[in-house]
Protein chains: 4
Amino acid sequence: MKKSKVLASVKDERLIEKRRGQMVKGAVTLFKEKGFHQTTTREIARAAGFSIGTLYEYIRQKEDVLYLVCDTIYDQVHMRLEQDIDIKLGTIESLKQAIKSYFKVMCDMQDEVLIMYQETKSLSKEALPYVLKKETNLATIFKEIIESCVESGELTLSEQECELIAHNIVVQGQMWAFRRWELQKIYTHDQYIELQTKIILQGIYKK
Amino acid sequence: MKKSKVLASVKDERLIEKRRGQMVKGAVTLFKEKGFHQTTTREIARAAGFSIGTLYEYIRQKEDVLYLVCDTIYDQVHMRLEQDIDIKLGTIESLKQAIKSYFKVMCDMQDEVLIMYQETKSLSKEALPYVLKKETNLATIFKEIIESCVESGELTLSEQECELIAHNIVVQGQMWAFRRWELQKIYTHDQYIELQTKIILQGIYKK
Amino acid sequence: MKKSKVLASVKDERLIEKRRGQMVKGAVTLFKEKGFHQTTTREIARAAGFSIGTLYEYIRQKEDVLYLVCDTIYDQVHMRLEQDIDIKLGTIESLKQAIKSYFKVMCDMQDEVLIMYQETKSLSKEALPYVLKKETNLATIFKEIIESCVESGELTLSEQECELIAHNIVVQGQMWAFRRWELQKIYTHDQYIELQTKIILQGIYKK
Amino acid sequence: MKKSKVLASVKDERLIEKRRGQMVKGAVTLFKEKGFHQTTTREIARAAGFSIGTLYEYIRQKEDVLYLVCDTIYDQVHMRLEQDIDIKLGTIESLKQAIKSYFKVMCDMQDEVLIMYQETKSLSKEALPYVLKKETNLATIFKEIIESCVESGELTLSEQECELIAHNIVVQGQMWAFRRWELQKIYTHDQYIELQTKIILQGIYKK
DNA sequence: AATGAATGAGCCTTCATTCAT
DNA sequence: TATGAATGAAGGCTCATTCAT
């Protein structure tokens with residue numbers, strides 16, 4: 001299964017899972033508020049509910065926390081999407097459903113999305129591609145859904161177009177996170193979903 | 001007009017302008033490469049071509065540099081847009097033109113866009129809204145262009161829709177900056193502009 | 001007899017002996033390589049073949065390990081000397097034999113000798129004199145051998161001279177350990193022994 | 001001339017010289033007392049009379065202080081020897097004089113000698129050979145003096161013997177430093193010099 | 001105006017030691 | 001007895017900021 005690349009001194013795998021859970025939860029709260037660089041390892045430890053010494057039993061460097069946070073965020077997004085989405089149906093309705101589901105996840109994880117946008121660059125050269133890969137996977141999911149629609153004849157699009165639209169969907173979902181102060185003034189999130197979906201589909205439909 | 005809120009010890013306004021120019025230029029290069037927090041005030045001073053002491057004659061805190069950088073970036077964007085765009089025409093063609101022009105600016109300023117996305121949150125509570133305002137202005141420009149088209153009868157859209165589409169355009173322009181590694185694999189930037197424009201307009205056109 | 005001053009939580013004397021044996025063996029290897037301060041208690045435990053918790057069942061502080069190591073080294077030196085040396089003979093030949101034997105031990109225990117020279121000062125004020133005493137005993141052994149030769153009329157030396165020569169012998173034996181890189185270039189250890197012995201005796205002989 | 005390999009942030013060479021002087025002086029006092037590892041960089045800074053920040057303007061790592069200390073000690077030894085010693089004379093008397101002079105230096109620098117013996121191994125792989133070279137030079141000086149005596153016919157010795165005796169002299173000079181508690185009980189340092197000189201020469205003289 | 005040496009708060013990280021299991 | 005997770009004091013080092021020249 002998933003094999004985290006972050007080394008721990010502690011051997012009990014279940015404990016590692018648990019402690020890192022606490023760690024990530026505390027860290028997300030702090031990163032939201034003050035960002036990665038402004039957050040102290042001591043603060044992370046305290047927010048996680050243990051001492052600084054214990055923190056370093058489960059990671060090697062501060063950056064590992066960021067990696068773990070990013071990793072966890074994407075895993076959560078994927079988990080929630082997998083529950084709601086069925087890629088292979090090939091109907092416009094299923095695409096609508098996927099957009100709606102994804103946009104809702106993005107809304108629920110607004111703060112986490114922001115962290116990803118802002119702190120990703122602080123990852124080391126080794127960790128970065130691993131995290132970016134996960135971001136790419138997100139676009140791939142939508143690309144596949146759209147391609148299913150093309151195959152089923154519901155849509156007529158080139159592969160290039162499929163991919164671009166997939167990227168657009170991904171970004172427009174995240175958009176709520178980093179433009180929320182502007183957007184909230186005019187729409188509720190439900191309205192936002194509805195309107196964006198309409199525009200997206202209108203941009204696609206074969207005439 | 002523009003009245004910078006950053007205080008300087010030096011009195012000569014022309015010198016302030018000049019030194020801050022050097023400063024911002026050096027800082028942008030460094031921020032691109034390592035980010036705001038990883039960049040040292042000393043490095044900024046050196047990149048600007050003067051000593052750390054001199055740096056502090058023209059700013060009060062490190063954060064001022066970030067503010068100046070963000071400020072400058074938006075000014076540059078606006079300046080270039082103003083040259084190319086005519087808001088009042090009310091033709092689809094002028095909207096196309098505006099999108100094209102804006103997307104090109106965003107491509108030229110890829111790195112600067114990334115800085116804005118990643119470092120903005122490090123601005124102080126006082127400076128932040130000032131910078132965000134400029135971002136909002138960008139959307140407003142497009143909103144106005146689209147509304148011109150509505151007024152001239154070229155398009156039929158609610159105000160809500162106009163605003164959302166404006167935001168979409170702004171974000172899709174920036175998208176090239178933070179997804180370039182993915183997007184470059186499939187399109188040249190010109191193709192990207194063309195395709196996005198097509199999709200945007202298709203999402204709008206009255207049928 | 002020997003009554004170690006290092007306290008243990010464990011009661012079984014035989015086990016204490018055994019575990020401390022493992023401990024010292026591992027520690028010597030590590031101290032050779034990285035020195036006392038650079039060596040971690042965890043590393044010592046691992047090298048000894050048990051856990052950090054167990055280590056602390058047999059010592060009270062890290063420094064105890066150093067004490068045990070020093071103690072063991074001197075015991076080994078003495079043990080080997082006792083096998084080879086006969087103090088009371090009073091012949092030049094027996095002195096030669098003693099020097100040869102001692103020099104050979106020093107050569108075999110080069111690394112241990114270095115540890116003694118370099119780490120001794122890290123012992124606590126209580127442990128230090130106890131270890132230094134053992135070093136002094138070494139000189140005393142040679143002093144007694146030389147004095148035997150004086151008593152038997154083979155040599156004519158004051159007590160002062162006897163003691164100084166004893167110290168010289170002790171130090172010249174150790175010299176191979178901390179100047180080996182220089183000395184090895186010119187002599188084998190056997191040549192070294194022979195030459196030093198010749199010079200020592202020449203410095204003593206009644207003319 | 002001498003070009004220290006330790007990098008400084010400060011540019012003024014004279015200031016570097018001065019501050020490092022203060023630094024080394026303070027450090028020697030502390031290292032004598034508690035050894036390199038037990039001494040804090042903060043303590044070094046305080047002993048030198050400036051802040052921790054300033055300390056790091058003149059070195060890169062703590063180890064640099066040790067290097068500087070070792071370097072300085074050897075330079076001092078050499079400086080004092082150069083004043084007193086004339087290598088080329090080729091007389092027994094000049095050898096005696098050199099021994100006396102060297103032994104006196106070693107007596108004056110007892111504590112420094114101990115530092116060298118105990119802390120040298122804490123130098124990095126790069127710095128170590130540089131320092132060891134200086135130690136070797138010391139032996140070379142005596143070797144040359146002895147060889148002058150051989151050339152002038154005052155002594156009859158092989159090159160091997162010359163070198164060994166040189167090493168013996170160097171070590172016996174240092175011996176006072178690390179065995180002083182034993183030796184002081186029996187001799188004054190002047191007596192020590194006299195006696196050792198006698199033994200050394202007796203071990204050499206052609207019969 | 002310009003310089004750069006000085007400062008010290010504060011951060012990341014290590015590691016000896018303890019203690020519940 | 002043996003284990004190893006937990007602790008937190010302490011240390012090395014950085015860097016924004018100041019100020020005398």
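The separation between B:R42 atom CZ and F:dT14 atom P is 12 Å, rounded to whole Å. Here the P atom of nucleotide F:dA16 and the CG atom of B:L55 are 10 Å apart, to the nearest Å. One atom, CZ of B:R46, and another, P of F:dC15, lie 11 Å apart when rounded to the nearest Å. In this entry the distance linking CD1 of D:I52 with P of F:dC13 reads 9 Å, nearest Å. Following rounding to the nearest Å, B:K34 (NZ) and F:dC15 (P) show an atom-to-atom distance of 8 Å. In this entry the distance linking NZ of D:K62 with P of F:dG11 reads 9 Å, nearest Å.
Taking every side-chain heavy atom of B:T40 into account, F:dC15 is the closest of F:dT3, F:dT14, F:dC15. When each of F:dC15, F:dT1, F:dA2 is scored by its nearest atom to the side-chain atoms of C:T54, the top-ranked nucleotide is F:dA2.
Between A:A47 and A:G26, the shortest heavy-atom distance links the atoms CB-CA, 3.8 Å. Between A:R19 and A:F50, the shortest heavy-atom distance links the atoms CD-CE2, 3.4 Å.
Once you apply a 4.0 Å limit to the heavy atoms of chain B, the touched nucleotides of DNA chain E run 5' to 3' over E:dA1 to E:dA6.
No side-chain heavy atom of D:K32 sits less than 4.5 Å from a side-chain heavy atom of D:L114. Put simply, the side chain of C:F31 does not reach to within 4.5 Å of the side chain of C:D111, judged on heavy atoms.
Paired regions of DNA chain E, where each region holds three or more successive Watson-Crick or G-U pairs whose two hydrogen-bonding distances fall under 3.5 Å, are E:2-21 with F:2-21.
Judged by the 6.0 Å and 45° rule, C:K62 forms a cation-pi pair with C:F36.
Along DNA chain F, the nucleotide nearest to D:Y56 and the one nearest to B:E57 differ in position, and the one closer to the 5' end is contacted by D:Y56. Two residues, D:T39 and B:R60, neighbour DNA chain F, and the one matched to the more 5' nucleotide by heavy-atom proximity is D:T39. Of the two residues near DNA chain E, A:I59 and D:S9, the one whose nearest nucleotide lies more 5' is D:S9. Sequence order on DNA chain E of the closest nucleotides to B:V10 and A:H37 puts B:V10 first from the 5' end.
Regarding contacts with the backbone of F:dA2, a side-chain N or O of C:Y58 is found under 4.0 angstrom from either OP1 or OP2.
Across all strands shown, C:S51 has heavy atoms under 4.0 Å from base atoms, whether or not it also approaches the sugar-phosphate. When heavy atoms are screened at a 4.0 angstrom cut-off, D:R19 is found touching the sugar-phosphate backbone but no base atom.
The backbone N or O of C:I73 lies less than 3.5 Å from no partner atom in the side chain of C:E112, so there is not a single donor-acceptor pair.
Salt-bridge annotation for C:K34 and C:E43: present, with a side-chain N of the basic residue lying under 4.0 Å from a carboxylate O of the acidic one. Note on D:E33 versus C:K121: no salt bridge recorded, every NZ/NE/NH1/NH2 to OD/OE distance being 4.0 Å or above. Between B:D64 and B:K5 there is no salt bridge, since none of the side-chain N atoms of the basic residue sits less than 4.0 Å from a carboxylate O of the acidic one.
At most 12 heavy atoms of other shown residues, nucleotides or ligands fall within 6.0 angstrom of atom NZ in A:K18.
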